[in-house]
Colleague: 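Have a look at this one before I ask anything.
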Number of protein chains: 2
Amino acid sequence: MRTTLRDVAELAQVSPKTVSNVVNGYIHVRKETRERVEQAIAELNYRPNLSARSLRQGRTGVIALAVPELDQPYFAELARHFVAAAAGHGLTVLVDQTEGARDRERLVIGGIRDQLIDGLVLSPLALTAADLDERTDATPMVLLGERIHHGPADHVVIDNVRAAREATEHLISLGRKRIGAIGSQKVAAGVTARLRLRGYQQALKSAGVSADKNLVASATRFHRADGAEAMELLLAQKPLPDAVFCFSDLLALGALRTLASHGIRVPDDIAVMGFDDIEDGRFSTPTLSTISPDKEQLAAQSIELLNAQLNGSAADRGPQEVYTNYELIARESTIGR
Amino acid sequence: MRTTLRDVAELAQVSPKTVSNVVNGYIHVRKETRERVEQAIAELNYRPNLSARSLRQGRTGVIALAVPELDQPYFAELARHFVAAAAGHGLTVLVDQTEGARDRERLVIGGIRDQLIDGLVLSPLALTAADLDERTDATPMVLLGERIHHGPADHVVIDNVRAAREATEHLISLGRKRIGAIGSQKVAAGVTARLRLRGYQQALKSAGVSADKNLVASATRFHRADGAEAMELLLAQKPLPDAVFCFSDLLALGALRTLASHGIRVPDDIAVMGFDDIEDGRFSTPTLSTISPDKEQLAAQSIELLNAQLNGSAADRGPQEVYTNYELIARESTIGR
DNA sequence: ATGAAAGCGCTAACAC
DNA sequence: GTGTTAGCGCTTTCAT
């Protein structure tokens with residue numbers, strides 16, 4: 001048998017309530033009593049039963065972070081900041097992987113872990129507005145990335161259109177004239193891709209740079225392999241592009257790989273721009289220019305929003321939309337060295 | 001108020017027990033009754049309270065995975081396999097980050113999350129044998145990586161000495177004569193580093209290749225930046241090494257970066273070998289030769305061991321030590337293309 | 001096949 | 001400053 005609060009109380013010759021007070025750091029306990037209780041706790045190696053506490057308090061102190069794939073560096077880095085930020089609020093993070101599959105994302109918002117978690121942060125990939133409207137579960141939730149619909153859900157977003165425009169303008173400012181893009185997605189789920197594409201197109205248009213549809217390559221996912229493939233396609237175009245904006249760093253790293261295989265020099269022949277600022281890009285050859293979202297801020301903002309909902313201070317506040325900062329970081333893949 | 005099992009029972013005109021039976025898939029429920037209950041559940045949007053269930057059953061269905069840093073690709077990839085493997089056993093994974101700090105690792109094995117988790121898988125970096133001996137917490141635990149001591153803890157390991165020897169032999173087989181190493185660690189915690197160093201030394205010795213102590217560079221951590229720095233040091237040696245075995249892929253990727261900065265060709269001038277087979281290495285320029293542990297198997301084995309402990313089938317079995325498979329993968333950084 | 005009663009370990013509310 | 005009582009929502013045991 002595990003030792004319970006009752007056992008401690010008996011050994012310390014006090015009531016269970018007093019033990020509870022000590023465990024929870026309640027102020028008004030006589031020093032003498034406290035010490036006696038603490039000694040009993042140590043002696044019995046007592047640990048509070050968190051299930052019982054949760055049952056009583058109605059909160060578990062656990063929040064879920066649901067991402068498509070934990071081993072995509074962007075999400076791994078995000079998860080790292082989340083776990084740290086949550087710890088700062090006395091919360092523990094439980095991780096779900098959705099694989100970017102709509103049914104798994106629906107399960108997550110539907111409350112599959114309900115009653116185990118106090119709140120949920122989800123980075124959706126395939127979820128639709130209808131899925132959100134159908135949601136009946138009342139667990140506090142914060143969505144990462146693009147606002148999918150205008151229902152009552154808090155969002156933490158980055159201004160993808162503007163960031164993509166700036167990325168493209170950076171390439172234009174280097175004198176590039178045939179600028180390709182990698183990462184467009186036709187599927188309904190590709191909200192982020194569409195916004196980044198829009199930013200890219202806006203930049204070309206306002207700079208008067210011609211937009212060649214053949215220079216826009218799609219990518220099923222945002223992985224290295226997709227970037228490598230897409231780059232192969234762009235290399236089949238004549239004349240060749242002299243710059244490429246990739247909608248994620250992984251895509252860009254894949255593209256760099258293809259360029260290296262073909263002996264094409266970066267940035268001399270083709271400049272490459274990424275998005276996400278994952279650590280890989282800081283050590284690739286060449287190092288990767290990118291848009292760097294403030295991931296720490298993103299995690300902190302999400303936890304803040306969640307906490308507001310948990311504390312009820314979100315009551316008549318309406319759904320929030322919070323923007324995360326980002327900056328453009330120019331490295332070798334665009335400006336050389 | 002959240003709807004409870006009792007509410008469902010009332011609506012369906014049955015006892016709480018019957019609802020519980022339905023929820024838990026108990027066989028002997030009349031079809032008619034079951035349907036009535038299921039309808040009530042749907043109508044009230046009922047979700048069982050997992051805290052209450054856990055309290056009653058004494059199990060939570062949650063296991064913790066504690067790794068140094070979630071954003072190190074090796075651990076991220078591991079975490080991915082863990083979450084997937086655990087889901088296959090109906091378990092949810094909660095992630096802790098230790099930062100490789102001894103006090104945090106001690107907290108983890110000391111039961112900081114005790115009573116919230118049924119079991120724990122820890123990848124220790126700084127933990128000592130004494131820390132393990134002092135452990136009083138009885139939560140089932142599996143340790144990843146080197147066996148730290150001979151106390152009663154299950155381990156899942158890979159044969160680091162042998163793997164490192166094979167890695168070095170691979171370089172020797174390519175005719176390399178001045179073979180360096182990056183990643184040695186003097187600190188007590190560097191068990192893994194010491195074993196890989198031993199394998200490296202064994203290989204040199206049995207092949208009759210001279211071992212130059214100046215060609216062994218240490219690394220505080222196993223990150224890209226450490227690898228980049230260490231490579232700088234090796235490049236100060238005369239004559240230059242013609243191959244380097246890095247104790248992790250991240251170290252190797254950092255080393256590649258330094259070599260690229262110096263215009264040194266890989267593998268022509270210097271061949272580079274890594275360890276871990278993280279995805280980055282499959283897309284770096286050049287692609288990275290490495291030792292590839294079977295991470296999926298590793299995750300599966302860990303969950304197996306944990307499950308055995310959870311089910312008590314581990315009772316009089318003694319501490320287990322399970323070896324995970326690995327293979328050597330030769331890519332461009334050693335054999336060119 | 002279903003129900004009644006008890007209790008898992010804790011803390012909120014209140015009494016003293 | 002400390003004790004008493006009650007009950008969170010569920011499952012287990014035993015009865016029918």
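Reminder, nothing fancy here: chain letters follow the sequence lines and each chain counts from 1.
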Colleague: Nearest-Å distance, CG (A:L116) to C1' (D:dG9)?
Modeller: 15 Å

Colleague: Please report, rounded to the nearest Å, how far the P atom of C:dG9 is from the CG atom of A:L44.
Modeller: 14 Å

Colleague: Only pairs at least two apart or in different chains count here, so list each salt bridge (Lys or Arg N to Asp or Glu O under 4.0 Å) that has a residue in residues 303-312 of chain B.
Modeller: none

Colleague: Can you run down the ring-ring contact (aromatic ring centres under 6.0 Å, His included) pairs that involve residues 7-52 of chain A, sequence neighbours left out, and say none if there aren't any?
Modeller: A:Y26-A:H28

Colleague: Distance check needed: C:dG3 P versus B:Q13 CD, whole Å only.
Modeller: 10 Å

Colleague: For A:R135, what residues pass the salt bridge (Lys or Arg N to Asp or Glu O under 4.0 Å) criterion, not counting sequence neighbours?
Modeller: A:D137

Colleague: Under the salt bridge (Lys or Arg N to Asp or Glu O under 4.0 Å) definition, can you give me all pairs with a residue in residues 48-66 of chain A, not counting sequence neighbours?
Modeller: A:R59-A:D118

Colleague: Relative to the 5' end of DNA chain C, which residue comes earlier, B:L55 or B:V14, by the nucleotide with the nearest heavy atom?
Modeller: B:V14

Colleague: So which pairs with a foot in residues 4-30 of chain B pass salt bridge (Lys or Arg N to Asp or Glu O under 4.0 Å), sequence neighbours left out?
Modeller: none

Colleague: What nucleotide among D:dG3, D:dC8, C:dA1 has an atom nearest to a side-chain atom of A:T18?
Modeller: D:dG3

Colleague: Determine to 10° how strongly the helix from C:dA1-D:dT16 to C:dC16-D:dG1 is bent, judged from the axes of its five-pair ends.
Modeller: 30°

Colleague: Under 6.0 Å from the CD atom of A:E296, do we count more than 12 heavy atoms belonging to anything else shown?
Modeller: no

Colleague: Please identify each residue that fulfils side-chain hydrogen bond (donor to acceptor under 3.5 Å, both in side chains) with A:T324, with sequence neighbours left out.
Modeller: A:Q301

Colleague: Under 4.0 Å, counting only non-hydrogen atoms across every strand here, what does A:T33 touch: a base, just sugar-phosphate, or nothing?
Modeller: sugar-phosphate

Colleague: What is the distance, rounded to the nearest whole Å, between atom OH of A:Y26 and atom P of D:dG3?
Modeller: 13 Å

Colleague: Any pair with a residue in residues 92-107 of chain B that passes salt bridge (Lys or Arg N to Asp or Glu O under 4.0 Å), sequence neighbours left out, goes on the list, sorted by first then second residue, please.
Modeller: A:R80-B:E99, B:D96-B:R113, B:R102-B:D131, B:R106-B:D131, B:R106-B:E134

Colleague: Strictly under 4.0 angstrom, non-hydrogen atoms only: write out the protein contact profile of nucleotides 10-16 of chain C, one letter per nucleotide from the 5' end, B, S or -.
Modeller: BBSB---

